[in-house]
Novice: 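Submitted below is the structure of interest, expressed as structure tokens.
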Amino acid sequence: MKSLFTPFRIAAAVLILTVAAGAFVSGYRQTESESKEQSPASSGEKKSPAVSETKNESEAEKEKVAGTKVSEESGKKLSSEDLLSALTAALAEKDFQKREVAVLELAASADNEGFRSMMQSFSSSKPPKKWAGFQYQMIRIWADRDPSAALDYSVNISDKELKRQMTGAVLGQWAAKDAEGALQYASSQPSAEDQKRFRGSIFWSLSQTDPDKAMELAKSQLSAEESSEVMSNQIIPAILKKHPERSAELLAQVEKQNRRQSIIWQVASELAQQDMSAAMEWARTLPTPKDQNRATSVIVMSRVQTNPQDALQLATQMPKGRERSQTVAMVLSNWPDDKIKEVADYLLKSKTSDFEYSPYYSVAQKLAKKDPRAALEWSEKIPGKQSRANAFSAAIQEWARTDSAGAAAYVSNLPSGQSQRNAIWSVSRALVGENPQSGADWAMKLSNKSIRKQAMQQVMQQWGENDPKAAADYAKTHIQDTALQSNSIGTIMQQWGHVAPQQAYSYLQSMAEGDQKVKLTGDLMRGWVQDDPKSAGAFLKTLPEADQKRSAGTLARNWSQNDPQAAGTWASSLNEGQAKTDALRSVVNSWVNSDPYKASQWLGTLPQGSSRDQAVSTFASRVVDKDPENAIKWAGSISDEKTRSDSQNRVLSSWIRSNPDEAKSWLSNSDLSQDLKDKYLGK
């Protein structure tokens, strides 16, 4: 295991993705260079896109696009054909900066048709997204001149992702100069989905340049729900990164806890990069202890890689609770490998097992890379049972990867019990993950018969999950012990039954006979019925009677554990014979444990016959301890005389053993045969 994704890391990753998704909601997330870029200021009265004027081509103007100044030469126009030819030459330039300048100078000289031709040329390149950066730059220049034309192009792009990005770039550029006009355009779209996506792009762009203006517009022009979403995902984080002192005021406007945490995460990360002390001071000003802990945790995490000791000190100063345990665990799990002994000592000295997302696993794994025995000895000193087990598992797995013989010898000498079973599981899992056959070879060489059986079962279960045929072939040709071979193939069949049961059944027909075939078919059915009992039942009914007899009882028993009614219906639909008898009895045995009353109702629907008699006999024997009178009555309903007599005798014998006075009193007043009365009343 090369790296460990602890539950805390997973939770952190999910939160980061949530933040990213929120910032991107319904719109285009600009690149870092684009977000820093200032849009060219427009002069004069604001125009809607329908009446916007292109800039006077005689006017010399400098635009800063992605850090490159582009001069627009007066009166210089190129035909679409010449533009494309020049673009091809520009893109062939090997130096990136020269290539960028050349492309952007062409954009400066293009009209609407020229822009359209160049953008289409980019889109038709292979791969089409190779020049995405240039497309973003060009579409923004185009949007600055004529947002209507740029939008007309972007909304008709066939690639959905590119369409979203290009449209977002246009709307963002437009919103920087005329947010109301851009919002009016977004609201005019026929699709509600497009409206929301476009508004998201607009507010994201505006929140980068004028977040207070964005907040004002969100409150006045959006629904309450959409306004809340835009505020918490885009606007408030943008404001707080510049004005953290407004945290209490703005966080109070965020109702949903997950969005509140997302904002804190974004702002804390930003502030921590700028000034750690100021970030910690800001965290203490947040309105609730939960907010403070969340912010502190994020700040600490930003410190781990550069100064883990400092990060640990900050984490341990947090109030005790879930946030503290998560943060401490994360710091310890990310400690430099060459100083892992410090963490191991710290964990033992802390004498606590309350780390909700335990660092013990990763620490034990790192220790085992240098000295597996020392890692195992360390794991035995851990106070918490689950943490101790996690550390032990990590150490033994790491040992098995580097020295399987040494790990196997260690496992063999462990006392029998749960620790040994856990160790066997860990070693086999590590070996099978690397090479299944090497795991099986390791298990076969274990001298202790009981340990060998456990190890082989673990290996075959894991191997069977991924390649059941290869695992079965190995068991057939390499395992000489008949019992161990049968047990191993049975484990494989159960796993195979989950993924390709009919293929498993066909394989079974070619390699097993007699009692072994009965057992292995039952193992297969156990796996199959867990995933798809109806399919398993339908398939079994297509088999020859001899094969049905082998598996009907097993299938019905396993099916009944989850759905006895459906299992009973299936069992009663079988043709009269041993398969049906076994299936009905299995249903009764399972159903009577959960609901004997419903089981008895179902029995009452069965037609007379040998299979029904056996099912009733089973039912009577199972309920005699709780309801002996009904048990004897059910036994009396059996049609076959011998089966009825045998069942009545079993019920009466059991009743008299458990409560002789009650049983004899009832029997003396019953209408049962005189022979039975004489037998049990002693006359």
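Throughout, numbering of the chain's residues begins at 1 and tracks the sequence.
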Novice: Counting N and O atoms only, with roles assigned by atom type, does the side chain of Ser393 sit under 3.5 Å from a partner on the main chain of Ala389, one being a donor and the other an acceptor?
Specialist: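 Such a contact is absent between Ser393 side chain and Ala389 backbone.
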
Novice: Checking side-chain polar atoms at under 3.5 Å, does Asn390 have a donor or acceptor matched by the opposite partner on Gln386?
Specialist: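 Their side chains do contain a donor-acceptor pair, which is all the 3.5 Å distance test asks for.
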
Novice: Any non-hydrogen side-chain atom of Tyr360 less than 4.5 Å from a side-chain atom of Ser387?
Specialist: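 A side-chain contact under 4.5 Å exists here.
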
Novice: Below 6.0 angstrom between ring centroids: does that apply to Trp463 and Tyr474?
Specialist: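 Under 6.0 Å, so yes.
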
Novice: If you count heavy atoms of other groups shown closer than 6.0 angstrom to NZ of Lys476, is the number above 12?
Specialist: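 Buried by this count: over 12 neighbours within 6.0 Å.
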
Novice: Just wondering, more than 12 heavy atoms not from Lys453 lying within 6.0 Å of its NZ?
Specialist: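 Counting neighbours around NZ of Lys453, 12 or fewer heavy atoms of other residues, nucleotides or ligands fall under 6.0 Å, so no.
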
Novice: Where is the tightest heavy-atom contact between Arg612 and Ser637, given as atom of each residue plus distance?
Specialist: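 Closest approach of Arg612 to Ser637, heavy atoms only: NH1-O, 3.1 Å.
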
Novice: Hey, does the side chain of Lys677 reach the backbone of Ser670 with a donor-acceptor pair shorter than 3.5 angstrom?
Specialist: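 Yes, because the side chain of Lys677 sits within donor-acceptor range (under 3.5 Å) of the backbone of Ser670.
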
Novice: Spell out, as yes or no, whether a donor-acceptor pair under 3.5 Å connects the side chain of Ser668 to the backbone of Ser665.
Specialist: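 Yes; at least one donor-acceptor contact below 3.5 Å.
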
Novice: Looking at Ser379, is its backbone amide N or carbonyl O close enough to the side chain of Arg388 to form a donor-acceptor pair, meaning the two atoms are under 3.5 Å apart?
Specialist: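 Not at all, since once roles are kept as given, no pair shorter than 3.5 Å links the two residues.
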
Novice: Under 4.0 Å between a Lys/Arg side-chain N and an Asp/Glu carboxylate O for Glu398 and Arg401?
Specialist: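 A salt bridge links Glu398 with Arg401.
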
Novice: How about Leu376 and Tyr410: do any of their side-chain heavy atoms sit closer than 4.5 Å?
Specialist: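 With C-beta onward as the side chain, the pair touches.
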
Novice: Can a donor-acceptor pair be found between the side chains of Gln461 and Thr491 at a distance below 3.5 Å?
Specialist: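 No, Thr491 and Gln461 have no side-chain donor paired with an acceptor closer than 3.5 Å.
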
Novice: Hey, would you say the Phe539 and Trp528 ring centroids sit under 6.0 Å apart?
Specialist: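 Distance test on ring centres: under 6.0 Å, yes.
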
Novice: Please determine if Lys196 and Glu229 form a salt bridge, counting it only when a charged side-chain N lies under 4.0 Å from a carboxylate O.
Specialist: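 A salt bridge links Lys196 with Glu229.
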
Novice: Regarding Asp613 and Thr643, do their side chains bring together a donor and an acceptor under 3.5 Å, going by distance alone?
Specialist: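 Judged by distance alone, the side chains do not pair up.
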
Novice: Do side-chain atoms of Ser535 reach the backbone of Asp532 as a donor and acceptor pair under 3.5 angstrom?
Specialist: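 Looks like no, no N/O pair under 3.5 Å.
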
Novice: CG of Asp194 to NZ of Lys163: how many Å apart, nearest 0.5 Å?
Specialist: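 Answer rounded to 0.5 Å: 5.5 Å.
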
Novice: Do Ser645 side-chain atoms and Lys642 backbone N/O form a donor-acceptor pair below 3.5 Å?
Specialist: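 No, the answer is negative, given that no donor and acceptor are paired below the 3.5 Å cut-off.
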
Novice: So for atom CD, which belongs to Glu225, do other residues, nucleotides or ligands contribute more than 12 heavy atoms lying within a distance under 6.0 Å?
Specialist: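 Not more than 12 within 6.0 Å, no.
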
Novice: Any chance the side chains of Lys580 and Ser572 put a donor and an acceptor closer than 3.5 Å?
Specialist: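 Ser572 and Lys580 do not have a side-chain donor-acceptor pair below 3.5 Å.
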
Novice: Answer yes or no: are there more than 12 heavy-atom neighbours, outside Glu545 itself, under 6.0 Å from its atom CD?
Specialist: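 Atom CD in Glu545 is not crowded, with 12 or fewer foreign heavy atoms closer than 6.0 Å.
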
Novice: What heavy-atom pair brings Trp442 and Ala455 nearest, and what distance separates the two atoms?
Specialist: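 For Trp442 and Ala455, the tightest heavy-atom pair comes out as CZ3-CB, 3.8 Å.
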
Novice: Ignoring hydrogens and angles, tell me if any N or O in the side chain of Ser586 forms a donor-acceptor pair with the backbone of Gly553 under 3.5 Å.
Specialist: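 The answer is yes, because a donor-acceptor pair under 3.5 Å joins these two groups.
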
Novice: Which atoms form the tightest heavy-atom contact between Arg452 and Ala443, and what is the distance?
Specialist: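 Residues Arg452 and Ala443, closest heavy atoms: CG-O, 3.1 Å.
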
Novice: With the threshold set at 4.0 Å, does a side-chain nitrogen-carboxylate oxygen contact exist between Asp646 and Arg650?
Specialist: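 Looking at Arg650 together with Asp646, the answer is no, because their closest N to O distance does not fall below 4.0 Å.
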
Novice: With a 4.5 Å limit on heavy-atom distance, are the side chains of Ile638 and Ser617 in contact?
Specialist: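 Yes, at least one pair of side-chain atoms sits under 4.5 Å.
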
Novice: For a quick test of reading the model, state the closest non-hydrogen atom pair linking Ala571 to Val587 and the distance between them.
Specialist: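 Heavy atoms only, the tightest pair is CB-CG2, 4.2 Å.
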
Novice: Considering only heavy atoms from C-beta outward, does the side chain of Val363 approach that of Trp378 to under 4.5 Å?
Specialist: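 The answer is yes; the side chains approach within 4.5 Å.
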
Novice: Within the distance-only criterion (no hydrogens, no angle test), does the side chain of Thr402 pair as donor or acceptor with the backbone N or O of Trp399 below 3.5 angstrom?
Specialist: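 Answer holds: yes.
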
Novice: Check the surroundings of atom CG in Asn669: do more than 12 heavy atoms from other residues, nucleotides or ligands lie under 6.0 Å from it?
Specialist: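 Enclosed.
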
Novice: Using 0.5 Å steps for rounding, measure from the CG atom of Leu652 to the CG atom of Leu676.
Specialist: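 If we round to the nearest 0.5 Å, Leu652:CG and Leu676:CG are 6.0 Å apart.
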
Novice: Quick check for you: to the nearest 0.5 Å, what is the distance between Asp582 atom CG and Arg557 atom CZ?
Specialist: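 The CZ atom of Arg557 is 9.5 Å from CG of Asp582, to the nearest 0.5 Å.
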
Novice: Answer whether the closest heavy-atom distance between the side chains of Ser573 and Lys541 falls below 4.5 Å.
Specialist: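 They are in side-chain contact.
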
Novice: Distance-only, no hydrogens or angles: does the Thr477 side chain make a donor-acceptor pair with backbone N or O of Asp473 under 3.5 Å?
Specialist: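 Answer holds: yes.
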
Novice: Using side-chain heavy atoms (C-beta onward) and a distance below 4.5 Å, is Lys633 in contact with Asn630?
Specialist: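 SC-SC contact between Lys633 and Asn630 confirmed.
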
Novice: Hey, what do you get for OG (Ser362) to CD1 (Ile340), rounding to the nearest 0.5 Å?
Specialist: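 Spacing of OG (Ser362) from CD1 (Ile340) equals 6.5 Å.
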
Novice: Testing the 3.5 Å rule here: is there a donor-acceptor pair between the side chains of Gln674 and Asp678?
Specialist: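 A donor-acceptor contact under 3.5 Å links the two side chains.
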
Novice: How many angstroms lie between atom OG of Ser658 and atom CG of Asp625, to the nearest 0.5 angstrom?
Specialist: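 Interatomic distance, Ser658 OG to Asp625 CG, rounded to 0.5 Å: 6.0 Å.
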
Novice: Can a donor-acceptor pair be found, under 3.5 Å and without considering hydrogens, that links the side chain of Thr605 to the backbone of Trp602?
Specialist: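 Side chain of Thr605 to backbone of Trp602: a pair is present.
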
Novice: How many angstroms lie between CZ in Arg585 and CZ in Arg622, if you round to the nearest 0.5 Å?
Specialist: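 CZ of Arg622 is found 11.5 Å from CZ of Arg585.
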
Novice: Between Gln397 and Val427, is there a side-chain heavy-atom distance shorter than 4.5 Å?
Specialist: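 They are not in side-chain contact.
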
Novice: Tell me whether the centres of the aromatic rings in Tyr507 and Trp496 are closer together than 6.0 Å.
Specialist: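 Here the rings of Trp496 and Tyr507 have centres that are less than 6.0 Å from each other.
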
Novice: How close do Gly636 and Arg644 get, heavy atom to heavy atom, and via which atoms?
Specialist: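 Smallest heavy-atom distance, with atoms named: O-CD, 3.4 Å.
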
Novice: Are the side chains of His478 and Gln437 in contact, using a 4.5 Å heavy-atom criterion?
Specialist: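 They are in contact (side-chain heavy atoms under 4.5 Å apart), so the answer is yes.
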
Novice: Begin from the C-alpha positions of Ser611 and Glu576 and carry the test side-chain hydrogen bond (donor to acceptor under 3.5 Å, both in side chains) through to its verdict.
Specialist: CA-CA 7 Å; Ser611 59; Glu576 193 68 31; 2.9 Å; yes

Novice: Checking Asn649 against Lys679: is there a side-chain donor and acceptor pair closer than 3.5 Å?
Specialist: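 There is such a pair between these side chains.
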
Novice: Over all heavy atoms of both residues, which pair between Ala615 and Leu584 is shortest? Give the atoms and the distance, please.
Specialist: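 For Ala615 and Leu584, the tightest heavy-atom pair comes out as CB-CB, 3.9 Å.
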
